[in-house]
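A short worksheet on the structure shown next.
Computed from a prediction, not measured in an experiment: that's the story for all the values here. Values below: every heavy atom of this structure, side chains too, minus hydrogens, waters and symmetry copies.
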Amino acid sequence: MDGGSEVMSKRFMEDALRQAERALEADEVPVGCVIVHKNRVIAKAHNQTNLLKDPTAHAEILAITQAAAHLQHERLLDTELYVTIEPCPMCLGAILHARISKVYYGAPNDKYGACGSVVNLLEGRFNHTVEVHRGLLDERAASLLQAFFRSKRARTV
C-alpha cells in the first residue's frame with residue numbers, strides 16, 4: 001500500500017471503528033463496517049443482532065445491503081469493505097457473492113474468522129477472489145471487543 005492509500009484506508013477504518021462504538025453503546029458486539037466505492041463511503045453499519053432479533057444482522061451484511069441499494073445492483077464491483085474484525089463464514093460468503101474487491105479488517109476473529117484465523121474460505125475454488133488486508137488498526141478494534149466482553153463477564157459474576 002502506498003502512503004496515500006494507507007492514509008485513506010486508515011480513515012475508512014476509523015469510520016468502521018465509529019460504527020463499532022455505536023454498537024457498543026447499544027450493547028451489541030462492537031463490530032463496525034463501511035463500504036467504499038471510488039474513495040467514497042456508500043454504506044455504514046454496525047452489528048444489530050440483538051436489536052433486530054436477527055442472527056444475520058452482522059455489520060457486514062447490513063452494509064452490503066445498503067451498498068447494493070446505493071449502487072442499485074447486486075454486484076458491488078470495485079468496492080472495498082472495511083470491518084473491525086475478521087469476517088465470519090456467513091459474512092465472507094456474502095462478500096464473495098457481492099463481488100467485493102478488497103476487504104480490510106482490524107482484529108483477528110479467533111472464534112469464527114473465515115480469512116485464516118479459524119478457517120480460510122478464501123482458498124476455495126470460487127469464481128471470485130477477494131484481496132484481503134489484515135490488521136488495520138487492529139489494537140483499537142480488539143480493545144473495543146475486549147471491553148465489551150469484559151463488561152459482559154462482570155455482569156454475570
Side-chain angles (χ1 to χ4, degrees), residues 1-23 26 28-138 140-142 144-145:
M1 219 180 328
D2 66 39
S5 62
E6 184 176 348
V7 169
M8 291 298 286
S9 294
K10 285 183 178 178
R11 190 186 102 209
F12 295 136
M13 186 58 85
E14 292 278 353
D15 287 347
L17 285 163
R18 279 190 284 283
Q19 289 297 309
E21 289 166 353
R22 290 185 66 196
E28 297 274 0
V29 176
V31 177
C33 180
V34 299
I35 297 178
V36 174
H37 182 250
K38 297 182 180 178
N39 285 325
R40 201 171 122 242
V41 174
I42 61 168
K44 297 180 181 185
H46 57 81
N47 274 7
Q48 295 183 45
T49 57
N50 294 332
L51 174 69
L52 299 176
K53 306 294 184 243
D54 179 355
T56 69
H58 288 199
E60 299 97 310
I61 301 296
L62 297 172
I64 287 169
T65 300
Q66 286 177 27
H70 176 86
L71 295 175
Q72 297 183 335
H73 204 279
E74 72 278 9
R75 300 289 185 237
L76 305 181
L77 303 175
D78 303 316
T79 59
E80 301 174 353
L81 182 144
Y82 293 80
V83 64
T84 55
I85 190 170
E86 178 182 2
C88 72
M90 174 184 69
C91 292
L92 189 59
I95 289 164
L96 286 164
H97 280 287
R99 307 298 195 269
I100 292 172
S101 302
K102 297 179 184 177
V103 170
Y104 296 81
Y105 73 80
N109 184 341
D110 296 331
K111 301 250 187 272
Y112 298 102
C115 298
S117 290
V118 176
V119 296
N120 191 349
L121 295 182
L122 298 169
E123 292 177 346
R125 295 184 322 193
F126 299 107
N127 65 342
H128 175 69
T129 57
V130 179
E131 183 180 316
V132 176
H133 300 267
R134 297 162 172 82
L136 185 60
L137 303 180
D138 57 337
R140 290 187 46 208
L144 283 170
L145 289 161

G116 backbone acceptor or donor facing R134 side chain under 3.5 Å: no

Gap separating the OG1 atom of T56 from the CG atom of L62, nearest 0.5 angstrom: 7.5 Å

Pair D15-V36, side-chain contact (heavy atoms from CB on, under 4.5 Å): steps then yes or no: CA-CA 11 Å; D15 287 347; V36 174; over 6 Å; no

Interatomic spacing from CZ in R22 to CD in E28 - rounded to 0.5 Å: 11.5 Å

For the student: nearest non-hydrogen atoms of A67 and I42, plus distance: CB-CD1, 3.7 Å

Candidate pair L122 and L92, rule side-chain contact (heavy atoms from CB on, under 4.5 Å), full reasoning: CA-CA 9 Å; L122 298 169; L92 189 59; 3.9 Å; yes

Side-chain touch L144/T84, heavy atoms, less than 4.5 angstrom: no

For the student: nearest non-hydrogen atoms of G106 and A141, plus distance: CA-CB, 4.4 Å

Pairwise side-chain contact, D54 with Q48, heavy-atom cut-off 4.5 Å (strictly under): no

Aromatic plane relationship, F12 with Y82 - under 30° parallel, 30 to 60° tilted, over 60° perpendicular: tilted

Within residues 33-72 or reaching into it, pairs that qualify as ring pair (Phe, Tyr, Trp, His ring centres under 6.0 Å) - sequence neighbours excluded: none

Contact list for residues 86-100, test side-chain hydrogen bond (donor to acceptor under 3.5 Å, both in side chains), sequence neighbours left out: E86-S117

Gap between atom CD1 of I85 and atom CG of L145 - 0.5 Å precision: 4.5 Å

Distance in Å, S5 OG paired with K102 NZ, rounded so as to fall on 0.5 Å steps: 7.0 Å

Where S101 and D78 come nearest, the two heavy atoms and their spacing: OG-N, 3.3 Å

Which atom of L76 lies closest to which atom of H73, heavy atoms considered: CD2-O, 3.9 Å

Check: I35 and I64 side chains under 4.5 Å, non-hydrogen atoms: yes

Heavy-atom check, side chain of N47 versus side chain of P30, under 4.5 Å: no

Heavy-atom side-chain contact between L81 and V130 under 4.5 Å: no

Over all atoms of both residues, closest heavy-atom pair of A63 and C33: CB-SG, 3.8 Å

Within-4.5 Å side-chain heavy-atom neighbours: P87 and I95: yes

Point-to-point distance, once rounded to the nearest 0.5 Å, from CE of M13 to CG of D138: 9.0 Å

Spacing of N39 atom CG and S9 atom OG [to the nearest 0.5 Å]: 9.0 Å

Residue pair V118 / Y112, side-chain heavy-atom distance below 4.5 Å: no

Electrostatic pair K10:E14 at N-O distance under 4.0 angstrom: no

Minimum heavy-atom distance L52-A57, with the two atoms named: CD1-CB, 3.9 Å

Sub-4.5 Å side-chain heavy-atom contact between R40 and K38: no

